[in-house]
There are 2 protein chains.
Amino acid sequence: MPPRQEIPEIRQNLTRRDLTSAAIALIEREGLSALTMRRLASELDCAPMSLYTHVRSRDALIDAIVDHLIEQLDLQQPGGESWQQLVRQTLDRYRDLAVQLPNSFELLALAPYDSSPVAPHLGNVVAGLEHAGLSREKARQILGIVDAYASGFLVVWARSRARAAAGELADDELGMTGMRDLEMFDRGLEALIAGLDATLVRGELP
Amino acid sequence: MPPRQEIPEIRQNLTRRDLTSAAIALIEREGLSALTMRRLASELDCAPMSLYTHVRSRDALIDAIVDHLIEQLDLQQPGGESWQQLVRQTLDRYRDLAVQLPNSFELLALAPYDSSPVAPHLGNVVAGLEHAGLSREKARQILGIVDAYASGFLVVWARSRARAAAGELADDELGMTGMRDLEMFDRGLEALIAGLDATLVRGELP
DNA sequence: ACCTGAACACCGTTCAAGT
DNA sequence: ACCTGAACACCGTTCAAGT
């Protein structure tokens, strides 16, 4: 009885994408704090150290997750004409991502502007705004401001929502929660666009 | 030779405030990730478990730190008349806190709205805005929107700044950093106030 | 009431070794 | 190239014990 030629017992060909997909699924299921190298490895049925074949460190894993999230954002290219339409479309997709992946969202939203996965993506958006007629300087200023608004709103919205889902709310604390529902996100964005148009784009130097 | 009556070898009377002060100092010196129970204990020259006499858990410690930061914010009471002045003053102090304690700031800025230290503080600001003539509903909406903007802007500003200080910048990544300097914080806030006045306060239902 | 050491169940990561 | 177990230096927190 000859021995079997192939013994494919060991799981091979684990890809970077397998890591980020499993990581995002884990974060959405159990929260950001559940993302540990050991926990992710057990999720992928491999030894903790196997992850380091595909990723240099935990920080590099998080950069890869942010890359993955940015790819999701870029699936539909915006097709607006005015800078206002472009900003609306860009932030709508940003908000949709926060709704779809609330626990992972802050990894993207709070990443420093100069981090390697984020900077090129922001460069693309700035280029789009320039194409819509803004100077590069105004485009950067406007993107910085609307992105700050959207990130701040959606991160705290997602965190408060996670807490509510976990049932950590006392009755007398419920009053403030409604301050930040998603309807207000759109109203605030419209106010911001109107104000930016009046003061930064059409307005003279104050 | 009689034994000494008092042997005050063991450090007593450690207060909650000692914990939060030392914690904030530690965070500013070495970053948020340096805040561990064991590290903080060694900073205070006590055993790790001594901290649990004053604080139920690490999460409770962080709530206490947020309380401490809110007290700093409330040191000067605002004295504006219009809601616009009130918003400006409130956010100026918020920005100053981010400048003064950049590494601790996000503990306050990203705390869920319904968390126990934050909710009463927000209630006070809402009351001030009502006193300036806004309905409670409008006051909440406006506070939610300007706070989202300020938190998002300042947290990413502080994080990017910490990275820059640590010298993690590649040359070709420097372009985006200027997108978010503090001058733009004020310009964005003015745009937001103008837009809110036009669309939410003076404007009819859109 | 306030402080403490030992112990438990976790972390990220280095290293040397396997295929 | 890809995977692995053992080991190291850390975590937060429980428990039983000291003053």
Side-chain angles (χ1 to χ4, degrees), chain A residues 2-24 26-27 29-66 103-104 107 115 163 166 168, chain B residues 2-24 26-27 29-66 103-104 107 115 163 166 168:
Chain A
R4 309 227 322 77
Q5 309 280 99
E6 304 205 355
I7 313 178
E9 291 294 337
I10 295 178
R11 160 72 125 357
Q12 215 111 357
N13 293 346
L14 205 57
T15 68
R16 240 174 119 85
R17 200 122 239 269
D18 291 332
L19 298 210
T20 56
S21 299
I24 290 171
L26 175 60
I27 292 169
R29 198 175 348 108
E30 307 194 21
L32 247 186
S33 64
L35 180 67
T36 68
M37 299 300 273
R38 294 169 122 104
R39 198 79 177 59
L40 179 59
S42 90
E43 212 74 20
L44 290 163
D45 280 317
C46 70
M49 285 313 300
S50 306
L51 303 179
Y52 289 84
T53 304
H54 305 93
V55 116
R56 190 176 36 78
S57 67
R58 187 175 184 274
D59 279 352
L61 169 66
I62 286 176
D63 277 354
I65 295 172
V66 172
N103 292 346
S104 314
L107 293 180
S115 74
R163 271 172 56 94
E168 293 186 37
Chain B
R4 305 211 350 59
Q5 309 280 100
E6 304 205 356
I7 314 178
E9 291 294 336
I10 293 176
R11 160 72 123 354
Q12 214 111 355
N13 293 347
L14 205 57
T15 69
R16 239 173 120 86
R17 198 123 244 263
D18 291 332
L19 298 211
T20 56
S21 299
I24 290 171
L26 176 60
I27 293 169
R29 199 173 352 105
E30 308 194 21
L32 248 185
S33 64
L35 178 68
T36 69
M37 299 301 273
R38 295 168 121 104
R39 197 81 178 59
L40 179 59
S42 89
E43 212 74 19
L44 289 163
D45 280 317
C46 69
M49 285 313 301
S50 306
L51 303 180
Y52 289 84
T53 304
H54 305 93
V55 116
R56 191 177 35 79
S57 67
R58 186 176 185 274
D59 279 352
L61 169 65
I62 287 176
D63 277 353
I65 295 172
V66 172
N103 292 346
S104 314
L107 294 179
S115 73
R163 271 172 57 96
E168 293 187 34

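All values below were derived from every heavy atom in this structure, side-chain atoms included, with hydrogens, water molecules and symmetry-related copies excluded. Residue numbers start from 1 in every chain, and the chains themselves are labelled A, B, ... in the order their sequence lines are given, proteins ahead of strands. The shown structure was predicted, so the numbers you read here are calculated from the model rather than taken from an experiment.
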TODO: Using atom CG of L35(B) as one end and atom P of dC11(D) as the other, report the distance to the nearest whole Å.
DONE: 11 Å
Open item on the list: Any strand counts, and the cut-off is 3.5 Å on both contacts for Watson-Crick or G-U wobble. Which nucleotide pairs with dC2(D)?
Closed with: dG18(C)
Open item on the list: Treating H54(B) as the side-chain partner and L19(B) as the backbone partner, does any N or O pair qualify as donor plus acceptor under 3.5 Å?
Closed with: no
Task: Rounded distance (Å) that lies between atom P of dA6(C) and atom OH of Y52(B) - done: 18 Å
- [ ] Round to a whole Å and report the spacing from CG of L40(A) to P of dC10(C).
- [x] 17 Å
TODO: Please tell me if the side chains of L32(B) and I27(B) come closer than 4.5 Å, counting only heavy atoms from C-beta onward.
DONE: yes
- [ ] Would you mind reading off the distance between L14(B) atom CG and dA1(C) atom P, rounded to a whole angstrom?
- [x] 17 Å
Task: Closest listed nucleotide, where the reference is the side chain of S57(A) and the choices are dT13(D), dC3(C), dT13(C) - done: dT13(C)
Task: Side chain of A47(A) - closest among dC2(D), dG5(D), dT13(D) - done: dG5(D)
Open item on the list: Let's test this: given Watson-Crick or G-U wobble pairing with both distances under 3.5 Å, identify the partner of dC8(D).
Closed with: dG12(C)
- [ ] Check for a donor-acceptor pair, side chain of R58(B) on one end and backbone N or O of L35(B) on the other, with a separation under 3.5 Å.
- [x] yes
Task: Distance, rounded to the nearest Å, where L19(A) contributes CG and dC3(D) contributes C1' - done: 13 Å
Open item on the list: Taking S50(B)'s backbone N and O only, do any of them form a donor-acceptor pair with T53(B)'s side chain (distance below 3.5 Å, no angle check)?
Closed with: yes
Task: Rounded distance (Å) that lies between atom C1' of dG5(C) and atom CG of L51(B) - done: 15 Å
Open item on the list: Treating D63(A) as the side-chain partner and A60(A) as the backbone partner, does any N or O pair qualify as donor plus acceptor under 3.5 Å?
Closed with: no
Open item on the list: Let's see if you can work this out: which of dC3(C), dG5(C), dC11(C) has an atom nearest to the side-chain heavy atoms of T36(A)?
Closed with: dC11(C)
- [ ] Calculate the interatomic distance between R16(A) atom CZ and dC3(D) atom P; express it in whole Å.
- [x] 14 Å
Open item on the list: So, does H54(A) get its side chain near the phosphate of dC3(D), meaning an N or O under 4.0 Å from OP1 or OP2?
Closed with: yes
Task: N/O (side chain, S50(A)) to phosphate O (OP1/OP2, dC2(D)) under 4.0 Å - done: no
TODO: Assign M49(A) to base, sugar-phosphate, or nothing according to its heavy-atom contacts below 4.0 angstrom with the strands shown.
DONE: base
Open item on the list: Of the options dG12(C), dC11(C), dC3(D), whose atoms approach the side-chain atoms of M37(A) most closely?
Closed with: dG12(C)
Open item on the list: Measuring from the side chain of R38(A) (C-beta onward, heavy atoms only), which nucleotide among dC3(C), dA7(D), dT4(D) has the closest atom?
Closed with: dA7(D)
Task: Nucleotide dT14(D), atom C1' - distance to CZ of R56(B) in whole Å - done: 15 Å
